[in-house]
Amino acid sequence: MILWFSIAALIVGASLFVLWPLIRGGVGENRLAREVAMYEARKAELIRQRDAGEISTGECDAALAEQGRALLVLSRGRAAAAGEDAGKSGARRKLAALMMLIGVPVLALPIYLRVGVPSLPDAPLASRERSQQPFDVETALQKIEAHLAQNPGDVRGFEVVAPVYLKAGRYADAARAYARVIELSGETPERLADLGESLVADKDGLISAEARQAFERALKLDGRFAKPKFYLALAREQDGDIAGALAELEKIAAELPESPAKSRVNGEIERFRAQNKMPSNPAGQAIANLPPAEREAMIRSMVEGLDARLSEKGGTLAEWRQLVQARLVLRQRDAAEAALAKARAALAADMSAVSELDALAAAIKAQPTP
Amino acid sequence: MIVELGHFALVMALVVALFQASVPLWGALRQDDVLLRLAPRAAILQFILVAMAFSALTWAFLTSDFSVANVFQNSHSLKPLIYKWSGVWGNHEGSMLLWVLILALFGAAVAVSSGHLPEDMLGVTLAVQAMVAAAFIAFLVFASNPFLRILAAPFEGQGLNPVLQDPGLAIHPPLLYLGYVGFSIVFSFAAAALILGRVDAAFARMVRPWTLAAWIVLTLGIAMGSYWAYYELGWGGYWFWDPVENASLMPWLTGTALLHSAIVMEKREALKTWTILLAIVTFSLSLLGTFLVRSGVLTSVHAFAVDPERGLFILAILIAFIGGSLFLFAMRASAMDGGGLFAPISREGALVFNNLFLSVAALAVFIGTLYPLLLEALTGAKISVGAPFFNLTAVPLMIPLFIAIPIGQKLAWKRGNLAGAVQRIWWALALALTLTAGVNFMIGGGPVLALAAIALGLYLVFGALDELVDRASRGGASMVSARLRAIPRSVYAMVIAHAGAGIMVLGLAGTAFEQERIVAVKPGQTITLGGYLLTFKGISNQPGPNYLATAARFELRDGATLVAELVPAKRVYIGRQMPTSETARYRHGFSEVYLAIGEVQDDTSVDLRAYNKPFVLFIWLGPLIMGIGGMLSLSDRRLRVGAPRQAQRAKPQGAAA
């Protein structure tokens with residue numbers, strides 16, 4: 001409301017200011033008088049120059065003659081232009097006043113309403129309630145980082161920044177921040193578990209010795225803490241102890257109340273059950289210990305090898321099924337279907353095999369596309 | 001509320017500009033002086049409105065109001081206060097708002113200070129000024145609005161451009177804009193003179209102070225930008241012939257020409273059409289500079305082609321004003337009477353010579369700046385026209401100009417005596433050559449061109465001073481001080497400005513004698529630099545308010561005495577991860593030792609660029625002195641009337657005015 005009062009005041013004040021000469025009225029000036037005044041001024045300057053000895057008398061006289069001729073030419077032009085209409089001036093001035101009084105608001109307001117947001121108040125930073133506003137992670141981080149660079153002993157700062165890093169996907173920074181918090185103010189189960197979690201995330205899910213150590217220390221401090229237990233169960237899986245890992249996960253799930261954490265654990269259990277029998281031989285273990293990118297490349301090349309061998313030499317139903325499932329695990333749905341088709345062609349003589357393959361095909365179709 | 005009121009004020013300024021652009025013209029057409037009297041008031045109002053808008057934006061920056069998109073993009077709550085403030089014009093929208101503010105400021109200044117002008121001239125001038133303002137405010141409101149809001153305001157801004165965190169850059173753009181935009185009022189005067197068909201000495205008298213004011217700030221602005229590049233960019237260069245610099249140099253060259261031709265017009269009523277054309281061309285080049293800098297066409301012609309809205313808007317403004325004014329010029333120029341006649345060898349002739357060379361130099365810069373852009377737009381080929389082109393075109397054009405300055409000063413109005421003039425300044429040339437020979441002997445020889453430049457610089461300084469020597473010595477020894485006091489300030493102004501040009505030439509000549517060392521140094525290592533010994537003491541880290549600095553400490557010794565401790569540094573700004581270089585300099589006399597560091601290796605050794613630059617400060621001192629000369633001339637409000645030298649019966653002691 002104050003805005004609109006201000007705008008109204010501005011328009012009225014501005015109009016009065018600009019239109020004052022119309023309100024006051026008046027007559028036109030005598031233009032020739034200015035020219036004469038200019039001539040007199042120049043004449044005085046020339047005489048000053050002559051008296052100061054800067055120019056000679058002859059030069060001064062020549063210059064004065066020039067000025068006089070110029071004035072004569074001007075006065076002839078002015079005389080011709082003078083004495084023209086003054087009669088329509090009243091209507092003209094009224095129109096000019098209307099342009100200012102009405103034209104300005106009528107043009108300015110719609111333009112302003114199109115580009116402006118009159119209802120939006122100012123928002124100077126100092127007067128804003130932080131908690132009620134959406135949080136701008138990126139810029140907040142910058143600010144905290146600047147603060148921490150100068151105050152490397154500020155525990156609270158690192159406590160605040162660590163989960164933000166984790167959410168922002170900067171896992172290594174998160175791990176560093178948690179490690180700093182522990183260094184500055186000691187171990188707690190939560191801090192250790194969070195540190196471990198960051199380390200795991202940084203390694204794309206692989207549980208390193210460092211992370212495992214963190215989880216184990218957390219569990220030592222609080223034997224019932226689910227998070228370290230969960231990750232240690234996953235660590236067992238990565239060590240090749242699938243059955244043990246599964247049993248551990250089921251135990252954790254049973255102890256947890258309904259929560260996002262519980263559904264996460266259940267999700268892992270389902271993955272375990274769905275996702276085959278993990279390789280339990282030493283070769284498989286070796287593969288499992290590889291860095292993720294290499295591991296995947298290794299699995300892919302193995303699957304390609306299997307595919308090539310089966311396509312060329314044929315194989316058993318079990319081998320074909322292994323190929324199809326491997327393709328599915330690798331999210332190569334098209335390749336899985338192609339493998340199915342090839343298996344059918346290869347095993348066409350075996351009726352029971354074909355019906356098994358049909359069932360597998362139906363199961364694939366029922367799955368949602370990843 | 002403040003932000004929105006500022007936004008409304010800007011929109012209202014647009015409408016008021018339309019009013020100011022039309023009603024006074026109508027008044028002039030109908031010879032209605034009362035309508036013409038509305039123009040100065042509208043101009044003052046327009047300034048108040050734009051100033052309100054600018055203040056509102058400034059307030060938003062100072063209080064970190066991130067609900068304003070422009071503040072969010074270009075500011076940061078951690079910035080030091082002065083850089084929050086300078087951030088207002090450190091971005092596209094804000095700098096265009098500043099542009100418009102200065103435009104309105106000049107309009108209002110003319111309105112307030114020009115009560116002595118004929119009402120029709122004042123009214124029409126302000127109407128033309130308002131046309132320019134309307135075009136640029138429309139550009140702001142519709143294509144570059146600084147007041148756009150964010151409904152859910154973020155809590156932190158994104159703008160922490162470390163390169164812009166420098167006091168030099170905080171005041172450089174406003175200064176440059178004052179110059180650029182200052183020529184707008186000269187343009188408006190010229191257009192008004194064409195519209196009213198009145199181009200006379202009175203016109204020149206009105207225009208000259210404004211031309212001079214714009215020229216002074218542009219001179220200082222360019223010098224300051226050059227000085228900033230020298231100490232901030234870390235390469236010790238002072239002029240790079242890059243298009244942004246050229247964009248400011250072109251109006252300066254034609255503006256300088258305009259300044260001189262306006263003198264001829266005021267004193268002798270000659271060169272009328274030429275003066276008007278120069279006024280148009282100078283502001284056109286200012287507009288062109290604005291287009292080059294603000295459209296993004298310089299960063300990449302292709303980027304411009306992809307998102308051309310802003311560029312096309314400015315281009316349309318450019319074409320409308322340049323085309324419109326040249327059309328008006330073509331229609332009306334022939335109607336102007338020729339004015340005073342003069343012989344080729346005369347003061348007027350010398351000033352025409354000056355104008356010719358300045359204009360051709362401006363043309364050379366124009367071609368060198370625009371040709372690569374045009375070529376890229378047409379064929380996609382990227383070429384770069386660098387220093388070699390300009391050094392072969394614009395720079396040689398300056399040499400005959402500089403040689404002619406002291407001679408031109410000695411010629412009489414209307415018809416002069418070249419041999420006589422040369423005879424009177426021979427001592428300046430002789431003294432300059434003698435001193436140069438002395439310098440050559442002292443330093444044990446140097447490049448011939450550099451020595452020639454030293455001689456030219458000295459000749460310019462002595463040639464300028466000759467005017468004072470000549471005038472003071474006319475009445476005998478006893479009269480010297482009285483004579484010096486009697487010399488008008490405008491003459492002192494000319495002497496100082498021309499001597500400033502000479503000092504700048506000396507500074508440029510000095511660059512040929514600089515010593516340069518580019519080495520990787522280890523702690524404790526000592527290198528020689530000119531007559532100095534430079535010892536590297538080590539590296540330390542120094543946190544700043546929003547950056548981390550790696551500083552290298554050096555001790556500079558002259559023989560055994562320690563003269564300075566120099567600490568060049570590299571800063572990395574948090575959040576931008578952008579390194580900037582902080583140079584360290586030691587001034588001795590007008591020369592400087594200049595250190596900048598590059599990469600730090602193995603945490604101990606550092607890449608060092610060290611220079612000893614003799615008389616380098618003359619490069620900027622010269623323009624500063626030129627500016628002071630301009631200010632002195634501005635302060636001299638006497639009428640300028642030049643008395644012609646008579647054809648016959650010329651008295652032998654008849655001197656130049």
Side-chain angles (χ1 to χ4, degrees), chain A residues 2-3 6-7 10 14 17-18 20-22 25-26 28-29 31 34 38 41-42 45-46 49 52 54-56 58-60 62-63 66 70 84 89 92-93 96 99-100 103-104 107-108 111-112 115-118 120-126 130 133-134 136 139-140 142-143 145-146 149-150, chain B residues 1-5 7-9 11-12 14-16 19 23 26 30-35 37-38 41-42 45 60 63-67 77-78 118-119 141 145 147 149 151-158 200 202 269 486 543 546 548 574-575 638-639 641 643-646 649 651 654-655 657:
Chain A
I2 303 172
L3 176 69
S6 310
I7 286 176
L10 188 62
F17 175 74
V18 171
W20 183 249
L22 292 188
E29 60 169 352
R31 297 217 173 123
R34 275 181 196 276
M38 184 74 182
R42 293 170 76 86
E45 166 64 16
L46 282 168
Q49 285 185 17
E54 288 172 28
I55 55 175
S56 69
E59 281 172 328
C60 179
E66 270 183 354
E84 289 197 7
S89 66
R92 261 202 309 270
R93 289 168 198 185
M99 277 171 73
M100 186 69 209
V104 168
L107 263 176
I111 296 176
Y112 169 68
V115 293
V117 191
L120 195 64
D122 293 332
L125 198 60
R130 297 214 146 232
Q133 297 287 331
D136 181 6
T139 44
Q142 277 181 20
K143 208 168 167 178
E145 276 167 359
Q150 284 171 52
Chain B
M1 207 243 357
I2 293 176
V3 170
E4 288 301 317
L5 190 62
H7 196 176
F8 177 78
V11 173
M12 188 165 158
L14 169 62
V15 183
V16 170
F19 176 86
V23 171
W26 190 29
R30 297 273 175 239
Q31 307 221 346
D32 188 337
D33 286 345
V34 176
L35 287 193
R37 267 172 224 156
L38 300 182
R41 288 175 164 265
L45 172 65
T63 60
S64 294
D65 186 340
F66 297 122
S67 70
S77 65
L78 282 182
E119 275 175 343
V141 171
N145 198 319
F147 290 106
R149 305 292 295 273
L151 289 178
F155 269 96
E156 193 49 273
Q158 300 172 325
D200 51 21
E269 299 229 0
N546 53 359
L548 293 170
I574 295 154
R638 278 186 323 118
L639 291 172
V641 195
R645 188 186 176 87
Q646 286 161 287
R649 290 177 289 113
K651 298 203 167 90

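Proteins come first, then strands; the chains are lettered A, B, ... in the order of their sequence lines, and each starts at number 1.
The two residues B/D65 and A/A123 come nearest to each other via the heavy atoms OD2-N, 2.9 Å. Residues A/A96 and B/V23 approach most closely at CB-CG1, 4.1 Å, considering heavy atoms. The minimum heavy-atom distance between B/V15 and A/G103, with the atom names listed, is CG1-O, 4.3 Å. Across all their heavy atoms, B/L45 and A/M100 have their closest contact at CD2-CE, 3.9 Å.
Panel note: side chain B/E4, backbone A/V117; a donor-acceptor pair is recorded below 3.5 Å.
Rounding to the nearest 0.5 angstrom, the gap separating the CE atom in B/M12 from the CD1 atom in A/I111 is 12.5 Å.
Under the 4.5 Å side-chain criterion, counting only non-hydrogen atoms from C-beta, B/R37 is not in contact with A/W20. At least one side-chain heavy atom of B/L5 sits less than 4.5 Å from a side-chain heavy atom of A/L3.
For the set B/V3, B/V141, B/L38, the count of heavy-atom pairs under 4.5 angstrom toward chain A peaks at B/L38. Between chain B and the options A/L107, A/L10, A/I2, heavy-atom pairs under 4.5 Å are most frequent for A/L10.
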- Message: As a quick check of understanding, evaluate side-chain contact (heavy atoms from CB on, under 4.5 Å) for B/T63 and A/L125, giving each step before the final call.
- Response: CA-CA 6 Å; B/T63 60; A/L125 198 60; over 6 Å; no

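Shown here are the side chain to side chain donor-acceptor pair (under 3.5 Å) partners of A/S6, two or more places apart in sequence or in another chain: there are none. Among residues two or more places apart in sequence or in another chain, the ring-ring contact (aromatic ring centres under 6.0 Å, His included) test is passed with B/F147 by B/H7.
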